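Values below: every heavy atom of this structure, side chains too, minus hydrogens, waters and symmetry copies. Treat the numbers as computed from the prediction; the structure is a model and nothing was measured.
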Amino acid sequence: MTRSNPQTELTQAVVDSIDKTRDPRFKELMTALIVKLHEFIREVDLKPEEWMAAIEFLTATGKTCTDKRQEFILLSDTLGASMQVVMLAQARASAQAAGSLPATAATEATVQGPYYWPGAPDRELGSNIAEGVAGEPAYYTGQVTDTEGKPLAGALLDVWSGDGEGVYDMQVEGQTEMLARARFRTDAQGRYAFWSIRPSFYPIPMDGPVGKMIEGMGKHPNRPGHIHFMLSMPGHAGVTTHLFVANSPYLDSDVVFGVRDSLVVDFERHEAGKAPDGRDMDKPWWSARHDFRLAPARH
C-alpha cells in the first residue's frame, strides 16, 4: 500500500485550484511556478525564518523602487534571469528566420538594464550627446543593415550611457535633465554617427537589498564599460543591446552576465587635432565603429 505524502498532495491541491483559469498560458506559467517553488522548498528543507527573510527581502526590494530606480530589474539582472529571457527571445526569432537563410546573423541582444529613460531627445547625426558629462570624448560610427546587408535608412537608434565614471543621470539626486541620451535616425545609406564618451566600468548600486544579496554571495558588483543601444525599424525585429569596451575590466565576470563576444568593440585612441567630421579636438579622443544588423519581423 502506497502511503500518501501530505507535502506533494498540497502541491497538487494548489495546482488543481487554478484548473478553471481561462488563460491557457497563465495556467501553464502558474502551474510550473507552483510545482518548482514547492520542489525548491522541500529540496532545501526551507525553515520558517528563512521564508520570512525571503519575504522581507522582496518587500524591501519593492520599497527601494522609484520612478528612477528599478531594484527588481537589478535583481533579475544579477540572478541571470534577464539574460535567460533575452537569449530565449533571440533563439525564437532566429528559429523563425531560419528558412530565409540570411547571409549574416542579426545583432545579438543583451539586457536592457535598470537605467533606460523613455523619451530621449531626437538629435541630428553627428551631435555630441555628452555635453556637460564627465569623461573622455568618443566618436561612434557605423551602419544599420538587414541580415542580407541592405542598408536600413531611417532606422531608429535610442542611445544611453553613464558618464566616464559609470554614473547615470538617473542616479544623480535632483538631476531632471537627460544626459548622454539621444535618439538618432540613420541616413539614406543606413549610417549613424554621434559623439559621446568612452564608457567606464562601474559597480551596480550596492545600497539596497540587491547589494546585500551580492555581498552575501561573495561576488564583485561590477559591470564592464558599455554603452546602450535600442534599435528599431518597421518590418524588422528590434534589438536592445550594448557595445562593450574591449579590454575593459570585468568583461569575463559581468555581474549581470550580459557580455557577448560579438558586442565587444575596439576603441581607438587619437591625439588632439582634427576629427573625421571636421571637429577640432583640443584633447585626446576615442573612436569606435560597429555595424548593427536587424532581422526581418516574423508574424
Side-chain angles (χ1 to χ4, degrees), residues 33 36-37 39-47 49-66 68-91 108-117 135 160-173 180 197-229 240-265 267:
L33 174 62
K36 293 184 183 301
L37 176 61
E39 287 177 350
F40 166 77
I41 292 170
R42 292 194 295 270
E43 179 183 339
V44 301
D45 190 19
L46 197 67
K47 308 299 188 294
E49 62 273 19
E50 294 168 336
W51 182 237
M52 184 54 62
I55 291 173
E56 290 173 349
F57 171 80
L58 292 175
T59 301
T61 300
K63 289 181 177 180
T64 305
C65 294
T66 69
K68 291 186 177 181
R69 176 167 178 169
Q70 234 304 349
E71 194 78 357
F72 271 112
I73 290 181
L74 195 63
L75 175 61
S76 174
D77 288 354
T78 54
L79 291 177
S82 299
M83 200 59 199
Q84 280 281 10
V85 172
V86 166
M87 294 172 75
L88 285 171
Q90 196 148 49
E108 290 190 289
T110 189
V111 297
Q112 176 176 298
Y115 298 122
Y116 177 62
W117 190 345
W160 72 100
S161 79
D163 64 16
E165 296 181 352
V167 178
Y168 290 79
D169 48 9
M170 298 172 72
Q171 295 177 280
V172 180
E173 187 174 355
I197 55 96
R198 179 176 180 265
S200 173
F201 71 90
Y202 63 85
I204 62 169
M206 292 293 286
D207 59 343
V210 173
K212 293 179 180 177
M213 180 189 75
I214 293 297
E215 288 178 350
M217 290 176 168
K219 296 173 54 175
H220 75 71
N222 295 296
R223 297 216 64 202
H226 63 276
I227 182 171
H228 299 257
F229 288 80
T240 298
T241 193
H242 300 358
L243 296 184
F244 293 92
V245 179
N247 301 317
S248 174
Y250 309 109
L251 280 173
D252 60 349
S253 59
D254 181 5
V255 70
V256 307
F257 309 97
V259 176
R260 292 186 163 191
D261 290 344
S262 66
L263 304 176
V264 178
V265 176
F267 280 65

_Chi angles and distances behind the side chain to side chain contact (heavy atoms under 4.5 Å, CB included) call for M206, I204_ = CA-CA 6 Å; M206 292 293 286; I204 62 169; 4.2 Å; yes

*For Q112 and T240, indicate whether the former's side chain and the latter's backbone hold a donor-acceptor pair under 3.5 Å.*
no

*Drop me the distance from T61's OG1 to E56's CD, to the nearest 0.5 angstrom.*
11.5 Å

*Nearest 0.5 Å please: distance from the CZ atom of F244 over to the CD1 atom of I227.*
12.0 Å

*Kindly compute the distance separating CD (E71) from SG (C65), expressed to the nearest 0.5 Å.*
6.5 Å

_Would you say that L79 contacts M217 through its side chain, given a criterion of any heavy-atom pair below 4.5 Å between the two side chains?_
yes

_OG1-CG distance between T241 and L263, expressed to the nearest 0.5 angstrom_ = 4.0 Å

*For D77 and P114, which heavy atoms make the closest approach, and how far apart are they?*
OD2-CD, 3.9 Å

_Working note: L75 + F57, criterion side chain to side chain contact (heavy atoms under 4.5 Å, CB included); need CA distance, chi angles, decisive distance, verdict._
CA-CA 11 Å; L75 175 61; F57 171 80; 3.9 Å; yes

_H226 and ring pair (Phe, Tyr, Trp, His ring centres under 6.0 Å): which single residue from Y202, Y115, F201 fits?_
Y202

*Is the backbone N or O of P224 less than 3.5 Å from a side-chain atom of S248, with the two atoms forming a donor-acceptor pair by type?*
no

*Tell me, do V111 and H242 make a side-chain contact under 4.5 Å, heavy atoms counted?*
yes

*For the residue pair H228 and Y168, establish whether any side-chain heavy-atom pair is separated by less than 4.5 Å.*
yes

*If you measure from CE on M83 to OG1 on T78, what distance do you get to the nearest 0.5 Å?*
14.5 Å

*Whether S76 side chain and S82 backbone form a donor-acceptor pair below 3.5 Å*: yes

*Distance (rounded to the nearest 0.5 Å) between I41 CD1 and K36 NZ*: 14.0 Å

*Around atom CD of E50, are there more than 12 heavy atoms of other residues, nucleotides or ligands at under 6.0 Å?*
yes

_Checking the side chain of H220 only, and the main-chain atoms of S253 only, is there a donor and an acceptor separated by less than 3.5 Å?_
yes

*Counting heavy atoms not belonging to K219, are there more than 12 under 6.0 Å from its NZ?*
yes

*Is there side-chain contact between S200 and E165, with heavy atoms separated by less than 4.5 Å?*
no

*Test side chain to side chain contact (heavy atoms under 4.5 Å, CB included) applied to M170 and W160, step by step*: CA-CA 11 Å; M170 298 172 72; W160 72 100; over 6 Å; no

_Quick one, P205 and L74 - any side-chain contact, counting heavy atoms below 4.5 Å?_
yes

*Using side-chain contact (heavy atoms from CB on, under 4.5 Å) as the criterion, list what pairs up with V172, not counting sequence neighbours.*
V167, Q175

*asked:* With heavy-atom distances below 4.5 Å as the criterion, would you say the side chains of V210 and F72 are in contact?
replied: no

*Do you know which two heavy atoms are closest between V86 and A109, and how far apart they sit?*
CG1-CB, 3.6 Å

*asked:* Minimum heavy-atom separation for A246 and V264, please, with both atom names.
replied: CA-CG1, 3.6 Å

*Inspect the surroundings of CE in M213 and state if more than 12 heavy atoms from other residues, nucleotides or ligands are less than 6.0 Å away.*
yes

*Would you sort out whether R69 and T64 count as a side chain to side chain contact (heavy atoms under 4.5 Å, CB included), showing the intermediate values?*
CA-CA 8 Å; R69 176 167 178 169; T64 305; 3.6 Å; yes

